[in-house]
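Quick note: numbers below take in every heavy atom, side chains included, and nothing from hydrogens, waters or symmetry partners. So that the names make sense, note that chain A is the first sequence line, chain B the second, and so on, each numbered from 1.
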2 protein chains.
Amino acid sequence: MTDVPKDVRGLDHIDLELLSLLQADGRMPNNALADRVGIAPSTCLTRIRRLREIGAVRGFHADVDPAWIGRPIQAMIAVRIRSDAREAIGRFAESLAGIPAVRDVYFISGNYDFLLHVACADVDDLRAVITERLSGTRLIAGTETYLIFEHRRGA
Amino acid sequence: MTDVPKDVRGLDHIDLELLSLLQADGRMPNNALADRVGIAPSTCLTRIRRLREIGAVRGFHADVDPAWIGRPIQAMIAVRIRSDAREAIGRFAESLAGIPAVRDVYFISGNYDFLLHVACADVDDLRAVITERLSGTRLIAGTETYLIFEHRRGA
DNA sequence: AGTGAAAGGAGCACACA
DNA sequence: TGTGTGCTCCTTTCACT
């Protein structure tokens, strides 16, 4: 709920403003950004490069509607790893991120080890992901699947 | 799991390729895109404008690490609406998207009505979101909170 | 729908405060 | 760090296919 965060690890208010602007519009031209925050374009360029280098900006991506690329069925799959396979969790999760249907992997606390946000072509495709890539691997103790009716990005 | 989707609602393979490229790198210059898919820059521009207009591309965003903007604590909050308040769910969810901590709202099937992906300054902040913005509203029948240890984007 | 050329604008490196 | 200049490359429009 806090609007102005506390711990900003060496970023000044201009950096935070740049991050906020780029989060809202990742294609805003460097010129416009510089204007908005009140610095010269070349300075702005340097700052943004630095924000990328330190990892404050992890990348720039188009937000593509899954329905338009033939993946209208979205689901959140909670996955529990078998307790005798915990060491493999890292490599396994990495392989999951490579499945085309997988859009996000959330490692969580609680009864399950992670949540998978997937977008599939149809229900058969969803079942294939669950049975072939998850339950079928012998690393998985259990899964629980929730259909996603709608997905909205926050502010 | 399907690599080549079936239902592509009037998009040809060039459109799909453009979407894929822009999903991977939202700042790829129009020129480079045109080269990669084998069309002229001007044609490429027209196509991308169309992809935005029809909603295949919903926007372009910088992927900002929440930890760098003072929000190192991430959580997934499952929220159940009171059954006598179901009509209010739409407006309520919209107000949620306006909370600075909220990054995603997933409307789901199952025991809960939606999942909230939040990024908070600290645990107090997280508690404030849950007690003041959720449990405190009288629309909420219950919540369940899972800490997010790590969040990876898929391919 | 796709193309090429031409003008205008933006990105980027560099030298300097 | 921040800035201003200048070169280069990209973007964007338009007449034409």
Asker: Quick check for you: among C/dT3, D/dC10, C/dC12, whose closest atom lies nearest to any side-chain atom of B/P29?
Answerer: D/dC10
Asker: With a 4.0 Å limit, can you tell me whether A/R27 has a side-chain N or O closer than that to the phosphate oxygens OP1/OP2 of C/dG11?
Answerer: no
Asker: Just N and O in the side chain of A/N30: are any of them under 4.0 Å from OP1 or OP2 of C/dA10?
Answerer: no
Asker: For C/dA1 and B/R50 - does any side-chain N or O of the residue sit under 4.0 Å from the phosphate oxygens OP1/OP2?
Answerer: no
Asker: Kindly check if the number of other-residue, nucleotide or ligand heavy atoms within 6.0 Å of CG (A/N111) is above 12?
Answerer: no
Asker: Please report the distance, rounded to the nearest Å, between CD1 in B/I48 and P in D/dT13.
Answerer: 14 Å
Asker: Let's see if you can work this out: which of D/dT11, C/dG4, D/dG2 has an atom nearest to the side-chain heavy atoms of A/R47?
Answerer: D/dG2
Asker: With the side chain counted from C-beta on, respond yes when A/W68 and B/R58 share a heavy-atom pair under 4.5 Å apart, and no when they do not.
Answerer: no
Asker: For A/I39 and C/dG11, give me the distance from atom CD1 to atom P, rounded to whole Å.
Answerer: 13 Å
Asker: Figure out the CG/P separation between B/L18 and C/dA1, and round it to whole Å.
Answerer: 15 Å
Asker: Would you say B/R127 has more than 12 foreign heavy atoms packed within less than 6.0 Å of its CZ?
Answerer: no
Asker: Nearest whole Å is fine: how far is D/dT11 C1' from B/R52 CZ?
Answerer: 15 Å
Asker: So does A/E94 pair up with B/R152, basic N to acidic O under 4.0 Å?
Answerer: yes
Asker: Is there a side-chain contact between A/T43 and the phosphate of D/dT1, meaning an N or O under 4.0 Å from OP1 or OP2?
Answerer: no
Asker: Base of C/dG4, side chain of B/S42 - is there a donor-acceptor contact under 3.5 Å?
Answerer: yes
Asker: Which whole-number value in Å describes the distance from A/N31 CG to D/dC9 C1'?
Answerer: 15 Å
Asker: Whole-Å distance between C/dG2 P and B/D15 CG?
Answerer: 8 Å
Asker: Output the rounded distance in Å from CG (B/L51) to C1' (C/dA1).
Answerer: 14 Å
Asker: Please report the shortest heavy-atom distance between A/R80 and A/Y112, naming the atom on each side.
Answerer: N-CD2, 3.5 Å
Asker: Round to the nearest Å and state the distance from A/L45 atom CG to D/dC9 atom C1'.
Answerer: 14 Å
